[in-house]
Protein chains: 2
Amino acid sequence: MAVRAGLTTAKVVDAALELVDEQGVEALTLAAVAARTGVATPSLYKHIGSLGDLRGLIGLRVMEDMTRRFTETVVGRSGDEAVRALMHAYRAYVQEHPKRYAAAPMDPLHDELQRAAGLKFMELILATLRSYGLEGSDAIHATRRLRVIVHGFASIESSGGFGLPEGLGDTYDQLVRMYLDDLRGKS
Amino acid sequence: MAVRAGLTTAKVVDAALELVDEQGVEALTLAAVAARTGVATPSLYKHIGSLGDLRGLIGLRVMEDMTRRFTETVVGRSGDEAVRALMHAYRAYVQEHPKRYAAAPMDPLHDELQRAAGLKFMELILATLRSYGLEGSDAIHATRRLRVIVHGFASIESSGGFGLPEGLGDTYDQLVRMYLDDLRGKS
DNA sequence: CGTAGGTGGCTAATGGCGTTAGCTTTTCAG
DNA sequence: CTGAAAAGCTAACGCCATTAGCCACCTACG
């Protein structure tokens, strides 16, 4: 009689991600996800291996989501315009999902599950910088510098780390300009 | 007969910080702190209000420790030399205590307990930038930019977020130079 | 149309944790 | 020397993750 919930791993991740968006990573609990999906807690184990696994899946999802959006943003652009678009898309994503950002893996390359997604993101940055003709380690350093800036800003902003929200857009514009000036000065 | 442990709040924080340094923030548990201090778990409540409080105290301690060290570093220097010293001291601290950095509060200004320490750190940055003669919001933006860079780099490095450790010092040097070039260009 | 097996759900139970209550013992001020 | 505050303890509760074992549904195959 009673119809089944019809869960899948993807639906569990969906619910978990909603929960994180609404209440933050600390609130991510199997009990809460089970309640949200209308199932008893142990039933989740039919779809995920553990809470740690679920965290990994959420991180993967976020990373893929970000990379997909940023790719759409960057495609068809080049040079400074592409870099500006990428950096602003990064901030916009984190502003839209501030709680979620804390669930994004900072070291995707060291996780078997997330490695492919991490590489894809790295390659997106490299591709965005292509028109600057950077070679070898110069390209790596430039990628790292960009990542430091976007992550540093997003990390602080999403956790309310800037005292006042006033003029944050200006601060970010300055960071983007600083990065581009530096990039041009080296090319 | 049996001699008392003679705990104090400070000693509890000491033990907790050691634990964090050794095993990471996720391992911070009242049970573990109790074991390390040779006391039963509930006894800790004579010295702290809750686990959350202890986390706040640890964050405060780290922030004060950082500010103290950076102040020693910066005192007696000015201009580019001071900024370079501050930024490198920041990285050095996080390299020495990578796990601990995850326990540092990112929004100290919004916590009653940590606010004073957060302000002190902010003022240290402002003082370090003093010789550039920045006024009003320019000083705020410059402070934010510096914070974004040092936190962004330290955060990624301390969590193993850079694929390879190779050339990380070069990347950081480039970031410092980029920041200084930008600062000079604007002054 | 039926039936066997796999799949997805359930309840019960375990162990670790934070926290509270209430008791005992140490310490030390007067 | 004494009494009370301070600092420890044990017991107990509830929440959580996880495991074991059970049952009902769905489906593929006869």
Side-chain angles (χ1 to χ4, degrees), chain A residues 1-61 99-100 102-103 105 111-114, chain B residues 1-61 99-100 102-103 105 111-114:
Chain A
M1 260 298 138
V3 88
R4 282 203 191 178
L7 279 193
T8 64
T9 302
K11 286 181 184 173
V12 173
V13 175
D14 289 343
L17 198 51
E18 275 181 34
L19 188 70
V20 168
D21 279 337
E22 291 170 16
Q23 303 182 225
V25 266
E26 331 76 38
L28 178 62
T29 186
L30 288 186
V33 173
R36 190 173 282 256
T37 51
V39 116
T41 306
S43 305
L44 294 175
Y45 285 85
K46 298 288 170 159
H47 306 285
I48 59 169
S50 68
L51 175 60
D53 282 7
L54 179 56
R55 290 205 186 99
L57 290 170
I58 292 175
L60 173 62
R61 175 76 72 85
K99 311 258 181 79
R100 176 187 300 194
D111 182 287
E112 183 59 40
L113 186 73
Q114 302 167 338
Chain B
M1 260 300 132
V3 89
R4 281 202 190 177
L7 278 193
T8 64
T9 302
K11 286 183 185 173
V12 173
V13 175
D14 288 345
L17 199 50
E18 275 180 34
L19 188 69
V20 168
D21 278 338
E22 292 171 16
Q23 304 181 229
V25 266
E26 331 77 37
L28 177 62
T29 188
L30 289 187
V33 173
R36 189 172 282 255
T37 52
V39 114
T41 307
S43 304
L44 294 175
Y45 285 85
K46 299 287 171 167
H47 307 285
I48 59 168
S50 67
L51 176 60
D53 282 7
L54 179 55
R55 291 206 186 99
L57 289 170
I58 292 176
L60 173 61
R61 176 76 72 84
K99 310 255 180 85
R100 175 187 301 196
D111 182 288
E112 184 59 39
L113 186 74
Q114 301 167 339

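Keep in mind that what you see is a predicted model, and the values were worked out from it rather than measured. Note on naming: letters A, B, ... go to the chains in the order of the sequence lines (proteins, then strands), and numbering restarts at 1 for each one.
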Margin query: Distance check needed: C:dC17 P versus B:L28 CG, whole Å only.
Written below: 12 Å

Margin query: I need the single residue from A:L51, A:L19, A:L17 that forms a side chain to side chain contact (heavy atoms under 4.5 Å, CB included) with A:V33. Which is it?
Written below: A:L19

Next item on the list: State which of C:dT20, C:dG9, C:dG18 makes the closest approach to the side chain of B:L51.
Entry: C:dG18

Notebook entry, point to check: Between B:L7 (CG) and C:dT27 (P), how many Å, whole number?
Noted result: 14 Å

Next item on the list: Return the value, rounded to whole Å, for the distance between atom CG of A:L30 and atom C1' of C:dG9.
Entry: 16 Å

Item checked: Considering all heavy atoms, the nearest B:I58-B:A103 contact -> CG2-CB, 4.0 Å

Next item on the list: Would you please test A:L30 and A:I48 for side-chain contact (heavy atoms from CB on, under 4.5 Å) and show each step?
Entry: CA-CA 10 Å; A:L30 288 186; A:I48 59 169; 3.7 Å; yes

Item checked: Shortest side-chain distance from B:A31, nucleotide among D:dT19, D:dC9, C:dG18 -> C:dG18

Notebook entry, point to check: Which nucleotide in the set C:dG9, C:dT19, D:dT18 lies at the smallest distance from any side-chain heavy atom of B:Y45?
Noted result: C:dT19

Notebook entry, point to check: Out of D:dT18, D:dG8, D:dC16, which nucleotide sits closest to the side chain of A:T41?
Noted result: D:dT18

Checklist line | Length of the CG-P vector between B:D53 and C:dT20, whole Å | finding: 11 Å

Notebook entry, point to check: To the nearest Å, how far apart are A:K46 NZ and C:dG6 P?
Noted result: 13 Å

Notebook entry, point to check: Distance check: side-chain N/O of B:S43 vs OP1/OP2 of D:dA7, anything under 4.0 Å?
Noted result: no

Margin query: What is the distance, to the nearest angstrom, from the CG atom on A:L54 to the C1' atom on D:dT18?
Written below: 14 Å

Notebook entry, point to check: What nucleotide, of C:dG8, C:dA21, D:dT18, holds the atom closest to the side chain of B:P42?
Noted result: C:dA21

Notebook entry, point to check: Nearest-Å distance, CD1 (B:I48) to P (D:dA7)?
Noted result: 14 Å

Notebook entry, point to check: Base, sugar-phosphate, or nothing: which does B:T29 touch, judged by heavy atoms less than 4.0 Å apart?
Noted result: sugar-phosphate

Check: So, do B:V25 and B:R100 sit near enough that their side-chain heavy atoms are less than 4.5 Å apart?
Finding: no

Notebook entry, point to check: Is the backbone of B:V39 close enough, under 3.5 Å, to the side chain of B:S43 for a donor and an acceptor to pair up by distance?
Noted result: no

Note to self: I want to verify a distance call: between C:dT11, D:dA17, C:dG8, whose nearest atom is closest to the A:H47 side chain?
What the structure shows: C:dG8

Notebook entry, point to check: Out of D:dT18, C:dC17, C:dG9, which nucleotide sits closest to the side chain of A:V39?
Noted result: C:dG9

